[in-house]
Amino acid sequence: MSDGLKTAETSESIEAPRPSNFIRDIIIQDNQTGKFGGKVHTRFPPEPNGYLHIGHAKSICLNFGLARDFNGKCNLRFDDTNPCKEEQEYVDSIMEDVRWLGFDWEDRLFFASDYFDQLYEWAIQLIKAGKAYVCDLTAEEVRATRGTLTEPGKESPYRNRSIEENLELFERMRKGEFPDGSRTLRTKIDMASPNFNMRDPVMYRILHAEHHRTGDKWCIYPMYDYTHGESDSIEGITHSICTLEFEDHRPLYDWYVENLGIHHPQQIEFDRLNLTNTVLSKRKLLKLVTGGFVSGWDDPRMPTLCGFRRRGYTPEAIRNFCAGIGVSKTNGIIEFALLEHHLREDLNKHALRVMAVLDPVKVIIDNYPDGQVEEMEAINNPEDASAGTRKVPFSKVLYIERDDFREDPPKQYYRLSPGKEVRLRYAYFITCTGVVKDESGEVTEIHCTYDPATHGGNTPDGRKVKSTIHWVSAAHALDAEVRLYDTLFLPEDQRPDEDADSDLTSGLNPNSLVRKTARVEPSVLGAAPLTKYQFERVGYFCADKDSTPEKMVFNRTVPLRDTWAKIEKKAEKKSK
RNA sequence: UGGGACGUCGUCUAAUGGUAAGACUGCAGACUCUGGAUCUGCGUAUCGGGGUUCGAGUCCCUGCGUCCCAGCCA
């Protein structure tokens with residue numbers, strides 16, 4: 001069956017097969033009927049008024065992915081019709097993020113503003129056809145005459161101006177003879193339509209504002225509805241994929257290309273991404289940045305692509321996530337855990353293992369020679385033999401994780417405790433012989449003995465130990481700042497995006513960022529920003545852009561799954 | 001209460017008139033020099049009511065629920 005998908009000849013790629021979805025079905029059908037001559041041409045059309053977030057990633061993967069899978073093309077087009085909100089900074093960041101995600105628009109970088117001249121010509125064409133008119137009503141008056149959900153609107157008193165007068169007025173609008181908001185060019189359709197978008201929608205508004213690309217060439221700017229379909233048409237787009245809220249706009253989209261008599265792409269709507277405990281609305285993200293609630297668009301707690309990148313997420317993980325969630329028209333919400341699943345899956349395969357202690361307590365190995373240092377061989381990535389091994393210094397005084405020792409161990413706890421033996425990863429078996437405490441009762445030193453025969457962590461007598469813990473040599477470890485992230489919003493609020501005008505600030509998690517000084521094995525010294533590690537038994541970390549050889553800084557990308565924490569939590573619940 | 005769309009495990013997606021499947025989550029276990037990874041097992045779903053049909057998640061009727069629309073934003 002020829003369904004337009006890559007055939008054996010072109011699909012040598014090892015990428016997982018993509019599940020079908022209703023949009024692929026439409027394309028397959030279009031290819032069979034020859035609707036677009038078998039061509040598939042999509043576009044990703046961001047407005048440059050903010051940074052891209054994970055929701056955009058879904059659209060990017062969809063549009064570029066469809067083009068790739070059906071041997072088509074995908075354009076990058078900036079929908080820059082509103083000079084008041086759009087900036088070059090956003091254009092630059094969007095291009096960087098699309099590339100980082102792994103997609104390439106080749107030579108097809110476009111701007112809706114590239115089409116302003118053509119759009120203007122077409123507007124004149126519609127005026128001449130008696131299908132558009134200049135309206136002198138103010139914004140308030142237009143609103144007042146638009147009607148309601150159940151009542152039709154009223155026709156504008158200017159609706160039946162002569163074509164000549166409309167032409168002249170529109171020309172004078174363009175020349176800048178009228179102040180902002182004093183007039184609009186409106187499409188003459190139907191003020192009684194049950195669809196508001198058809199009640200004589202505005203095509204052009206007067207805006208004496210400098211545009212980031214066209215400068216002061218224009219003081220009238222086309223509206224989204226008048227611009228989008230024509231831009232698609234100009235670029236030869238076949239399938240114009242957008243989110244559900246534009247469903248009501250489709251009749252207008254169709255109206256413009258039909259009445260202009262130009263190529264008619266097919267608009268298809270899909271469900272936008274919602275993620276639990278995450279805010280994706282542009283307005284709210286902007287507020288988080290401008291309100292100083294985060295350090296910027298790339299704050300590692302932000303769901304922006306640059307935020308995820310800085311946090312240590314990989315493009316592969318995000319792409320796999322987008323492929324995994326599917327595409328439909330159901331308005332749902334994806335659990336954040338699914339994103340983390342794909343993240344861990346990728347990081348597990350690629351991140352270098354290293355030992356770091358986040359909450360250190362001193363261990364002294366009483367029978368280990370003073371001043372002796374041994375280089376222990378450690379595996380860099382058990383999932384990837386080609387990553388090789390490294391040497392980690394070992395000595396008499398070490399740090400281990402405070403949580404890896406219990407003076408009074410609960411049931412099922414099999415790490416270090418008095419009289420118990422554990423393995424120090426890649427080093428020796430040690431047995432706890434006693435502790436030293438301060439006045440407050442906190443353990444300050446754990447004393448142990450080691451078994452010299454267990455060098456490297458192996459036993460000649462084959463004896464087993466229940467637990468292997470990580471460590472660093474006190475004299476050799478680096479002090480590094482680690483930034484531990486939790487959700488930006490209170491964990492119990494699964495839908496912080498739901499309420500359009502929620503306060504935001506009251507729902508913020510005060511513990512979303514915790515800084516600590518960790519002790520890290522020396523091999524990480526000088527790691528470049530974005531270098532990814534697994535701090536063994538703790539989590540995945542990534543060197544931050546603030547990191548320097550003098551002061552290393554690591555972001556916790558995501559913790560490792562912690563089975564013990566679960567067991568303990570359950571036991572706690574039980575005892576209550 | 002006008003119009004547009006959508007209702008399948010806790011979550012997301014599939015099944016295109018013919019055994020309701022997969023992933024994530026959860027639970028139980030195996031294994032392990034990471035309580036990581038891996039492996040095994042378990043569990044839960046067709047919004048309700050009618051109808052058509054040998055057979056309905058799928059088609060028809062009807063009810064209910066959810067989302068979107070009254071920007072000179074996109």
Side-chain angles (χ1 to χ4, degrees), chain A residues 19-21 25 45-47 49 79-82 84-86 135 137-140 142-144 146-153 180-186 193-199 201-207 220-221 223-225 227-228 242-251 269 271 276 282-283 324-342 344-345 348-349 353 355 378-379 382-383 412-415 423-427 429 456-459 464-470 534-539 559-568:
Chain A
S20 92
N21 60 54
D25 291 344
E47 183 192 10
N49 71 341
D79 228 325
D80 55 349
T81 56
N82 186 347
C84 306
K85 290 167 41 181
E86 296 152 6
C135 179
L137 258 25
T138 64
E140 296 73 47
V142 169
R143 191 180 314 126
R146 187 156 12 233
T148 68
L149 291 180
T150 50
E151 302 158 26
D180 288 2
S182 59
R183 285 183 164 83
T184 55
L185 183 70
R186 289 229 253 166
S193 172
N195 181 346
F196 280 99
N197 295 301
M198 304 302 270
R199 321 244 262 225
V202 171
M203 287 167 66
Y204 273 91
R205 74 285 216 188
I206 301 172
L207 244 29
I220 56 171
Y221 290 93
M223 299 289 291
Y224 165 85
D225 284 308
T227 308
H228 202 88
C242 61
T243 44
L244 252 26
E245 68 270 26
F246 290 101
E247 220 149 16
D248 285 343
H249 294 244
R250 184 160 17 103
E269 309 85 12
D271 59 329
T276 54
K282 273 191 179 182
R283 210 199 94 249
I325 57 179
V327 180
S328 73
K329 299 184 72 141
T330 319
N331 211 312
I333 187 162
I334 309 281
E335 289 176 348
F336 203 92
L338 183 59
L339 214 206
E340 293 188 326
H341 161 75
H342 287 287
R344 289 196 181 99
E345 188 176 59
N348 177 50
K349 278 186 286 194
R353 269 60 168 180
M355 289 194 284
I379 294 166
E383 305 291 324
Q412 293 186 80
Y413 183 90
Y414 42 81
R415 275 113 93 152
R423 175 192 290 112
L424 292 176
R425 184 118 158 116
Y426 300 127
F429 280 26
N458 302 303
T459 46
K464 300 256 184 204
V465 93
K466 265 294 232 186
S467 182
T468 298
I469 66 175
H470 60 100
Q534 183 196 106
F535 289 0
E536 290 211 41
R537 303 207 307 131
V538 178
L560 244 29
R561 308 185 91 93
D562 191 347
T563 309
W564 165 245
K566 262 186 198 170
I567 294 170
E568 207 178 21

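Just so you know, these numbers come straight off a predicted model, no measurement behind them. Just so it is clear: chains get the letters A, B, ... in the order the sequence lines come, proteins before strands, and each one is counted from 1.
Here A:Pro382 lies in heavy-atom contact (under 4.0 Å) with a base. Within 4.0 Å (heavy atoms only), A:Thr330 reaches sugar-phosphate atoms of the nucleic acid but no base atom. Counting non-hydrogen atoms under 4.0 angstrom, A:Arg415 reaches a base of the nucleic acid. A:Val327 comes within contact range of the sugar-phosphate backbone alone, with a heavy-atom separation under 4.0 Å but no base atom that close. Residue A:Glu47 is in sugar-phosphate contact alone, with no base atom involved, counting any heavy-atom pair closer than 4.0 Å across all strands shown. At a threshold of 4.0 angstrom between heavy atoms, the contacts of A:Asn331 are confined to the sugar-phosphate backbone, with no base atom among them. Counting any heavy atom pair closer than 4.0 Å across all strands shown, A:Glu247 reaches sugar-phosphate atoms only and no base atom. If you check every strand for non-hydrogen atoms under 4.0 Å, A:Tyr204 touches nothing. Nucleic acid contact class of A:Glu269 (heavy atoms, under 4.0 Å, all strands): none. Backbone-only contact: A:Ile325 has heavy atoms under 4.0 Å from sugar-phosphate atoms and none from a base. Residue A:His249 is classed as a base contact, given a heavy-atom separation below 4.0 Å to a base. At a threshold of 4.0 angstrom between heavy atoms, the contacts of A:Asp271 are confined to the sugar-phosphate backbone, with no base atom among them. Using a 4.0 Å heavy-atom distance criterion, A:Thr184 is classed as a base contact. At a threshold of 4.0 angstrom between heavy atoms, the contacts of A:Arg561 are confined to the sugar-phosphate backbone, with no base atom among them.
Using N1 to N3 plus N6-O4 or O6-N4 for Watson-Crick, or N1-O2 and O6-N3 for G-U wobble, each under 3.5 Å, B:A21 pairs with B:U13. B:U32 is unpaired under the Watson-Crick or G-U wobble criterion, no partner having all donor-acceptor distances under 3.5 Å. For B:C27, the paired base is B:G41 (Watson-Crick or G-U wobble, both distances below 3.5 Å). Across every strand in view, B:U8 sits unpaired, with no contact that passes the Watson-Crick or G-U test at under 3.5 angstrom. Across all strands shown, B:G48 forms a Watson-Crick or G-U wobble pair, both distances under 3.5 Å, with B:U62. Across all strands shown, B:G57 remains unpaired; no Watson-Crick or G-U wobble contact has both distances below 3.5 Å.
In this structure, A:Gly332 and A:Val538 both approach RNA chain B, and ranking their closest nucleotides by distance from the 5' end singles out A:Gly332. Looking at which nucleotide of RNA chain B each of A:Leu560 and A:Leu338 is closest to, the 5′-most match is held by A:Leu338.
Remark: A:Thr563 is in phosphate contact with B:G36, judged by side-chain N or O atoms under 4.0 Å from OP1 or OP2. At B:U34, none of the side-chain N or O atoms of A:His470 fall inside 4.0 Å of OP1 or OP2 (strictly under the cut-off). At B:A74, one or more side-chain N or O atoms of A:Arg205 fall inside 4.0 Å of OP1 or OP2 (strictly under the cut-off). The side chain of A:Ser328 contributes an N or O atom lying less than 4.0 Å from OP1 or OP2 of B:U13. At the phosphate of B:G71, OP1 or OP2 sits under 4.0 Å from a side-chain N or O atom of A:Arg146. Residue A:Lys566 has a polar side-chain atom (N or O) positioned under 4.0 Å from OP1 or OP2 of B:G26. Note on A:Thr81: a side-chain N or O is less than 4.0 Å away from OP1 or OP2 of B:A74. Of the side-chain N and O atoms in A:Arg353, none sit less than 4.0 angstrom from OP1 or OP2 of B:U34.
Taking the O4'-C1'-N9-C4 or O4'-C1'-N1-C2 dihedral as appropriate, B:G63 has a value more than 90° from 0 and is therefore anti.
For the pair A:Thr276 and A:Phe336, the minimum side-chain heavy-atom distance is below 4.5 Å. Side-chain atoms of A:Arg415 and A:Trp564, non-hydrogen and from C-beta on, do get closer than 4.5 Å to each other.
Remark: the A:Asp562 side chain and the B:G35 base include no donor-acceptor N/O pair separated by less than 3.5 Å.
Atom C1' of B:G7 sits at a distance of 11 Å from the matching atom of B:G57, rounded to the whole Å. Annotation: B:G65 and B:G55 have their P atoms spaced 32 Å apart (nearest Å).
In this structure, A:Trp564 forms an aromatic stack with the base of B:G35, since both conditions hold: centre separation below 5.5 Å and plane angle below 30°.
Out of B:A5, B:C72, B:C12, the shortest distance to the side chain of A:Lys329 is found at B:A5. The listed nucleotides are B:C73, B:G35, B:A14; the one nearest the side chain of A:Asn82 is B:C73. Distances from the side chain of A:Asn348 to the nucleotides B:G2, B:A37, B:C73 place B:A37 closest.
Protein atom CZ of A:Arg423 is 15 Å distant from nucleotide atom P of B:G36, rounded to whole Å.
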